[in-house]
Amino acid sequence: MEKLSQQEEEAIQAVWQYGEGFIKNFLELINEPKPPYTTLASTIKNLERKGFVSSEKLGNSYRYKAAIKEEEYKKRFMSGFVSDYFENSYKDLVTFFAKEKRSALWS
């Protein structure tokens with residue numbers, strides 16, 4: 001699965017949160033500083049091109065919805081993360097964070 005940029009992550013989070021909607025609906029959910037409408041529209045189009053959202057033309061507008069569930073994205077993202085950084089070992093991942101938490105407690 002293709003890694004999303006921070007801007008794309010923020011946009012897909014808004015889509016998941018809102019459900020089916022229009023760019024203006026998603027823009028309302030994005031934290032300040034909000035991107036310009038046209039920037040968000042381009043980001044949503046990129047997500048559509050990548051297969052993360054789908055659209056339906058309604059008059060002069062498009063209504064968008066997620067094409068992939070949030071849980072599925074998280075599962076694929078974590079698999080790639082564990083594979084890339086922890087040689088496919090969830091045990092190594094847990095050990096890493098356990099050590100980090102322990103060192104934070106002693107700092």
Side-chain angles (χ1 to χ4, degrees):
M1 172 177 282
E2 189 171 348
K3 174 126 173 56
L4 298 179
S5 69
Q6 183 176 351
Q7 191 171 333
E8 290 169 332
E9 285 263 353
E10 194 172 22
I12 193 68
Q13 290 285 340
V15 173
W16 285 323
Q17 188 177 349
Y18 198 87
E20 274 190 37
F22 299 91
I23 301 297
K24 65 182 177 107
N25 303 128
F26 306 137
L27 192 58
E28 293 169 3
L29 298 176
I30 293 180
N31 294 327
E32 294 291 341
K34 294 181 186 297
Y37 179 96
T38 54
T39 301
L40 180 58
S42 294
T43 302
I44 295 289
K45 280 290 185 194
N46 286 340
L47 288 170
E48 183 177 25
R49 184 180 47 75
K50 292 178 178 182
F52 286 88
V53 300
S54 60
S55 67
E56 173 186 9
K57 187 164 176 62
L58 296 172
N60 293 332
S61 300
Y62 286 91
R63 181 171 55 191
Y64 297 92
K65 66 180 180 179
I68 183 171
K69 292 183 179 180
E70 185 175 7
E71 297 77 26
E72 181 63 25
Y73 175 72
K74 286 178 182 177
K75 192 185 310 179
R76 289 187 192 177
F77 176 80
M78 283 307 295
S79 284
F81 179 76
V82 172
S83 173
D84 292 347
Y85 294 99
F86 296 96
E87 298 176 1
N88 239 6
S89 170
Y90 282 91
K91 180 182 175 198
D92 289 350
L93 169 80
V94 171
T95 301
F96 172 81
F97 284 107
K99 284 180 183 176
E100 285 298 307
K101 183 163 178 92
R102 205 172 316 127
S103 19
L105 289 173
W106 298 108
S107 299

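No hydrogens, no waters, no symmetry mates; every other heavy atom, side chains included, goes into these values.
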Take a 6.0 Å sphere around CD of Gln6 and say whether it holds more than 12 heavy atoms from other residues, nucleotides or ligands. no
Just verifying a value: how many Å separate Asn25 CG and Tyr18 OH, rounded to the nearest 0.5 Å? 3.5 Å
Work out which heavy atom in Leu29 is nearest to a heavy atom in Ala14; give both atom names and the distance. CD1-O, 3.5 Å
Cluster question for you: counting only ILVMFWY and a side-chain heavy-atom cut-off of under 4.5 Å, with indirect links fine, are Ile30 and Val53 together? yes
To the nearest 0.5 Å, what is the distance between CG on Leu47 and CG on Leu4? 6.0 Å
Between the CD1 atom in Ile68 and the NZ atom in Lys50, the distance rounded to the nearest 0.5 Å is 12.5 Å
Any side-chain donor-acceptor pair under 3.5 Å between Tyr73 and Glu9? yes
Would Tyr64 and Ile23 satisfy side-chain contact (heavy atoms from CB on, under 4.5 Å), going step by step from the backbone distance to the final call? CA-CA 8 Å; Tyr64 297 92; Ile23 301 297; 3.8 Å; yes
If you measure from OG on Ser55 to CD on Glu20, what distance do you get to the nearest 0.5 Å? 11.0 Å
Run Asn46 and Gln7 through side-chain contact (heavy atoms from CB on, under 4.5 Å) and show every step you take. CA-CA 11 Å; Asn46 286 340; Gln7 191 171 333; over 6 Å; no
Hey, could you give me the CD/OH distance between Glu48 and Tyr62, rounded to the nearest 0.5 Å? 8.0 Å
Shortest non-hydrogen contact from Ala67 toward Gly51: CB-O, 3.5 Å
Charged N to carboxylate O under 4.0 angstrom, Glu28 versus Lys24? no
Side chain of Lys57, backbone of Gly59: donor and acceptor closer than 3.5 Å? yes
Under 4.5 Å between side-chain heavy atoms, counting indirect links through other Ile/Leu/Val/Met/Phe/Trp/Tyr residues: same cluster for Phe22 and Phe26 or not? no
Sole residue of Glu70, Glu71, Glu72 in side chain to side chain contact (heavy atoms under 4.5 Å, CB included) with Lys74: Glu70
State the CG-CD distance between Leu40 and Glu10, to the nearest 0.5 angstrom. 8.5 Å
